[in-house]
Amino acid sequence: MTDHAGTAVHDAKGHVHWVIPDGYIPPESSGSLESHESICVLNTGSKDAELEITIFFEDREPLEHIKAVVPGRRTKHIRTASLQANDQTIPAGVPYAITVSSTVPIIVQYSRLDTTQSELALMSVVAFPIA
């Protein structure tokens, strides 16, 4: 598809609201790999995706209005340990949940690398889209 000037236009695929109900940054690592989690975002459209991320906890107020941008026709892997709001970060070893809202449709995947044991584990799932 092209726009009026003949420039290729790429349609955005996915949804604008996503939920990841199970977050947990493992507090320990063994070996050379560090335990971590990532929000993996794919933007298939031409326009930049402006994200707003919220982190919810069991026993404290959420971390809100965390911003990120995924350029058009790109992917971005956002380490959850790097997210912060008002100089607060997600503590390791504490359960949390994530919502991701975007200005354009995106696809969200969530991955956790757990290296607390020498037999490391990698989990990756597509987040839950909210229509």
Side-chain angles (χ1 to χ4, degrees):
M1 180 189 314
T2 59
D3 65 11
H4 299 296
T7 304
V9 174
H10 299 275
D11 293 330
K13 306 281 191 273
H15 294 275
V16 294
H17 299 290
W18 294 84
V19 176
I20 302 165
D22 176 34
Y24 182 82
I25 301 171
E28 299 175 8
S29 299
S30 64
S32 61
L33 297 174
E34 180 183 5
S35 294
H36 66 273
E37 295 183 320
S38 292
I39 303 167
C40 311
V41 181
L42 172 61
N43 179 1
T44 62
S46 298
K47 295 181 180 178
D48 290 357
E50 297 174 18
L51 309 182
E52 184 165 311
I53 300 166
T54 301
I55 308 298
F56 294 89
F57 300 99
E58 294 178 349
D59 61 352
R60 63 188 84 183
E61 289 300 307
L63 300 178
E64 298 180 283
H65 311 295
I66 301 168
K67 306 291 186 191
V69 175
V70 182
R73 303 184 65 216
R74 297 290 185 268
T75 186
K76 186 169 192 170
H77 292 70
I78 305 165
R79 288 253 184 131
T80 58
S82 71
L83 299 174
Q84 63 177 17
N86 298 323
D87 295 324
Q88 295 181 7
T89 60
I90 303 169
V94 173
Y96 64 94
I98 306 166
T99 60
V100 179
S101 296
S102 175
T103 54
V104 298
I106 55 171
I107 298 165
V108 176
Q109 181 175 330
Y110 172 75
S111 297
R112 177 185 300 151
L113 177 63
D114 185 341
T115 65
T116 55
Q117 301 178 41
S118 58
E119 298 80 19
L120 62 88
L122 177 66
M123 172 197 76
S124 190
V125 297
V126 172
F128 186 81
I130 304 295

[X] side, atom [atom1]; [Y] side, atom [atom2] - distance, nearest 0.5 Å:
| X | Y | atom1 | atom2 | value |
| --- | --- | --- | --- | --- |
| His17 | Ser101 | NE2 | OG | 5.0 Å |
| Leu83 | Ile98 | CG | CD1 | 7.5 Å |
| Ile55 | Thr99 | CD1 | OG1 | 7.5 Å |
| Ile90 | Arg79 | CD1 | CZ | 13.0 Å |

Considering all heavy atoms of both residues, which atom of [X] and which atom of [Y] are nearest to each other, and what is their separation?
| X | Y | value |
| --- | --- | --- |
| Cys40 | His77 | SG-CD2, 3.2 Å |
| Phe57 | Val94 | CD2-CG1, 4.0 Å |
| Pro21 | Ala97 | O-CB, 3.6 Å |
| Gly14 | Ile107 | CA-CG1, 4.0 Å |
| Leu63 | Gln88 | CD2-OE1, 3.2 Å |
| Asn43 | Pro71 | ND2-O, 3.3 Å |

Query - Under 3.5 Å side-chain donor-acceptor pair for Thr80 and Tyr96 - result: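 Per modelled atom types, Thr80 and Tyr96 side chains form a pair under 3.5 Å.
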Requested in this report: Ignoring hydrogens and angles, state whether a donor on the side chain of Ser124 or Gln109 is under 3.5 Å from an acceptor on the partner side chain.
Outcome: yes
Between the main-chain N or O of [Y] and the side-chain N or O of [X], is there a donor-acceptor pair closer than 3.5 Å?
| X | Y | answer |
| --- | --- | --- |
| Lys76 | Val69 | yes |
| Ser111 | Ser38 | no |
| Thr44 | Arg73 | no |
| Glu37 | Tyr24 | yes |
| Asp48 | Gly72 | yes |

Query raised in the report: Are Glu52 and Lys67 close enough, and set up right, to give a salt bridge (charged side-chain N to carboxylate O under 4.0 Å, His left out), and what steps lead you there?
Result: CA-CA 5 Å; Glu52 184 165 311; Lys67 306 291 186 191; 2.6 Å; yes
In one Ile/Leu/Val/Met/Phe/Trp/Tyr side-chain cluster, 4.5 Å: [X], [Y]:
| X | Y | answer |
| --- | --- | --- |
| Val125 | Ile20 | yes |
| Val126 | Val41 | yes |
| Val16 | Ile39 | no |
| Met123 | Val100 | yes |

Requested in this report: For side-chain contact (heavy atoms from CB on, under 4.5 Å), just list the numbers for Val19 and Ile130, CA-CA rounded to whole Å, side-chain angles, deciding distance to a tenth of an Å, and then say yes or no.
Outcome: CA-CA 7 Å; Val19 176; Ile130 304 295; 3.7 Å; yes
**Report entry** Pairing residues for Ala81 by the side-chain contact (heavy atoms from CB on, under 4.5 Å) criterion, not counting sequence neighbours
**Finding:**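 Listed in chain order: Ile25.
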**Report entry** side-chain contact (heavy atoms from CB on, under 4.5 Å) partners of Thr89, counting only residues at least two apart
**Finding:** Gln84
Query raised in the report: If you draw a 6.0 Å radius around CZ in Arg74, do more than 12 non-hydrogen atoms from other residues or ligands fall strictly inside?
Result: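 Count not over threshold, so no.
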Report task. List in chain and number order the residues that pass ring pair (Phe, Tyr, Trp, His ring centres under 6.0 Å) with His15, two or more places apart in sequence or in another chain; answer none if no residue qualifies. Result -> Trp18
